[in-house]
Asks: 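Okay, handing you the structure first.
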Amino acid sequence: MRMIRGKMQDWPLLVGTIMDHAERVHPTREVVSRSVEGPIHRTNYGEIAVRSRKCAAALKRLGIAAEDRVATLAWNTWRHIELWYGIAHIGAIYHTLNPRLFDEQLAWIINDADDRILFADLTFVPILERLAERCLVGRKLVILTDRAHMPQSSLDLLCYEDLIAAEDDTLPRAALDENAPCGLCYTSGTTGDPKGVLYSHRSNVLHAVLTGGADQFGARSVDCLLPIVPMFHANAWGIAFAAPMVGAKLVMPGPKMDAASICELMHQEDVTISAAVPTVWIDVIARLREEGVGKLRRVLIGGAAVPRWMAEALDDLGIALCQGWGMTEMSPLGTTSVIRPGMEDFTREQRVDYAIKQGVPFYGCEVRIADEDGVSLAHDGETSGRIMVRGPACVGEYFNGAGGNVLDASGWFDTGDVGTVDSFHYVSLTDRSKDVIKSGGEWISSVQLENEAASHPGVREAAAIGIPDPRWSERPLLVVVRNDDSAVTAGEITEWLTARVAKWWIPERIEFVDALPHTATGKLDKKVLRKRYAAEGAQAA
Ligand code: ADP
């Protein structure tokens, strides 16, 4: 049979086309950053587009070629954005490093990615000095600042602003296939070594398009977006692509991630939409309650489950909550919480019941749940299974082939999360497969226990882990951080939980601590907790 092709233009989906568009249509839309040097810095998409081409020319002059990895160890600022676009312009690969990782992890990742050059903010010069011998030999180092702020260092450091100033902005974009690699981000390696996820131009552009809808980011060109989620955490959830695509103003928090600094920016710049992990919102919400919400109308929260009190607090403040679920391997979003037909007349309690679920898959991310053998399970809101995903912005294989074949025979990726899907197609996470508490042959959802405990007014944060038990195989242990002014007791928490979860879920043991350990991406670090309490158990025995 003779094949015919569609007769439309071949217009590859390259991330550079996003900044081209912003330069043409939204050139004066502002990008405001708290600079690492201190002052607030103001620029716009027009200037960023020009500087990103100069940055591309500088990279070329330094010998960087297509497919080379270019590492960034940087906060959310205008420079980090122009760097991403500059790197993509020549077909090289931006590789975000998470500065909150341990030195050994960073060294491992830099070596695995084999970064040719590394761009770092002033804040992170000490990290470079510590890593120098271990993994930086033969790699060029550039500091993201101007000549006046260049640090004294034993290292051979180049100055970013000097490099840019020496170039003009006429370098044409490399002719690239849309499936060419564009970005690299490593998973945090909660199990085993970190694995690299290699995004393509196409997957980044599609992710920005697919997550740009009113039920997802919901950003319009009149909006002002503040991504608190760092660009080194799963692509800042795509905001550096989604915002210039629609021409939304961007406000970048730079190195000051405390609630006071964040809220100051929110008020000064009339931020309408913001995004961060739940931990960040604990303090930000407390401040917004005191200072008022200003123009803030919508927040995207993901990376960990949104506790009930948080959904209620945002509802009280009149801020729409969009919970997102996904992971580095999914670019990173897969579902967002959406008001579905049939939900319009929900009571507040019902609305909150749904707001704390993980959300509905949007076009471009297929979701199913499966049993241990990969067989699909019912989407009845009751049956719990492994969450499997498929789509153009989901991982196909890891960088350097790590982990081998990660898809099943039909191309589904096992997310490592466990949950249900209900008749509204809402995905509800009961756990990460390695965090479920297996008691007496049945599963206790650590996430649900934590959420119920954290909704007690005297509790700031709670973590539930399984500890070995001779009779039940595992029993839950709840580790609790009290609110500043609270003297809540274990008995009171038990009573609170008894009214909310099955009796056999109630932890026999509740521990109070001053703070809980978090991972480099702001999640409860249960690996650390499990180790701590296992060691204690061994000592007692
Ligand atoms: P890591 O922190 O392990 O590097 P990611 O940042 O990619 O990796 O985290 C992905 C994981 O975070 C998911 O597999 C899931 O367990 C958890 N997660 C993400 N969003 C949510 C959410 N809205 N609710 C509960 N858990 C979430």
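Counting convention: from 1, in listed order, for ligands and their atoms alike.
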Asks: Return each pair, listed once, that meets salt bridge (Lys or Arg N to Asp or Glu O under 4.0 Å) where at least one residue sits in residues 457-469; pairs must be two or more places apart or across chains.
Replies: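 The answer is D283-R460.
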Asks: Yes or no: does M330 have any heavy atom under 4.0 Å from an atom of ligand 1?
Replies: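 Outside the 4.0 Å threshold, so no.
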Asks: Backbone, side chain, both or neither: what part of M327 comes under 4.0 angstrom of ligand 1, heavy atoms only?
Replies: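 Both of them.
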Asks: So is E329 polar-close to ligand 1, meaning N/O to N/O under 3.5 Å?
Replies: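 Min N/O separation from ligand 1 is not below 3.5 Å for E329.
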Asks: Would you tell me whether R297 and T272 have side-chain atoms, one donor and one acceptor, within less than 3.5 Å of each other?
Replies: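 No, no side-chain donor-acceptor contact under 3.5 Å.
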Asks: If you measure from atom 17 (C) of ligand 1 to every heavy atom of P194, G303, A304, G302, which option wins on shortest distance?
Replies: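 Heavy atom nearest to atom 17 (C) of ligand 1 belongs to G303.
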Asks: Could you check whether atom CH2 of W472 has more than 12 heavy atoms from other residues, nucleotides or ligands sitting under 6.0 Å from it?
Replies: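 No, not enclosed.
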Asks: Return yes when A520 approaches ligand 1 closer than 4.0 angstrom through a heavy atom, no otherwise.
Replies: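 No; A520 lies far enough from ligand 1 that no heavy-atom distance drops under 4.0 Å.
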Asks: Please report whether the ring centroid of Y94 lies less than 6.0 Å from that of Y85.
Replies: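 Centroid separation for Y85 and Y94: 6.0 Å or greater.
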Asks: If you count the atoms of ligand 1 from 1 in the order shown, which ones are under 4.0 Å from a heavy atom of Q323?
Replies: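 With Q323 as reference, the close atoms of ligand 1 come out as 22 (C), 23 (N), 24 (N).
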Asks: Just wondering, more than 12 heavy atoms not from E344 lying within 6.0 Å of its CD?
Replies: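 Atom CD in E344 is packed in, count exceeds 12.
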Asks: What atoms of ligand 1 come closer than 4.0 angstrom to any heavy atom of L429?
Replies: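 Answer for ligand 1: 25 (C), 26 (N).
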Asks: Could you tell me if the ring centre of Y186 sits under 6.0 Å from that of H95?
Replies: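 Yes, close enough.
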Asks: If you measure every N/O of T187 against every N/O of ligand 1, is any gap under 3.5 Å?
Replies: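 In fact, backbone or side chain, T187 has no N or O that close.
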Asks: If we only count N/O pairs under 3.5 Å, is A305 in contact with ligand 1?
Replies: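 A305 vs ligand 1: N/O contact under 3.5 Å present.
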Asks: Among the heavy atoms of G324, does any lie under 4.0 Å from an atom of ligand 1?
Replies: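 G324: in contact with ligand 1 (<4.0 Å).
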Asks: Could you check whether W237 and F217 have their ring centres less than 6.0 Å apart?
Replies: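 Ring-ring flag for F217/W237: false, centres at least 6.0 Å apart.
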Asks: Once you restrict to heavy atoms under 4.0 Å, what part of T328 touches ligand 1? Side chain, backbone, both or neither.
Replies: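 It is both backbone and side chain that touch ligand 1.
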Asks: List, one per line, each side-chain donor-acceptor pair under 3.5 Å for residues 355-363, sequence neighbours excluded.
Replies:
unit_1	atom_1	unit_2	atom_2	d
Q358	OE1	L429	N	2.7
Q358	NE2	Q323	OE1	3.2

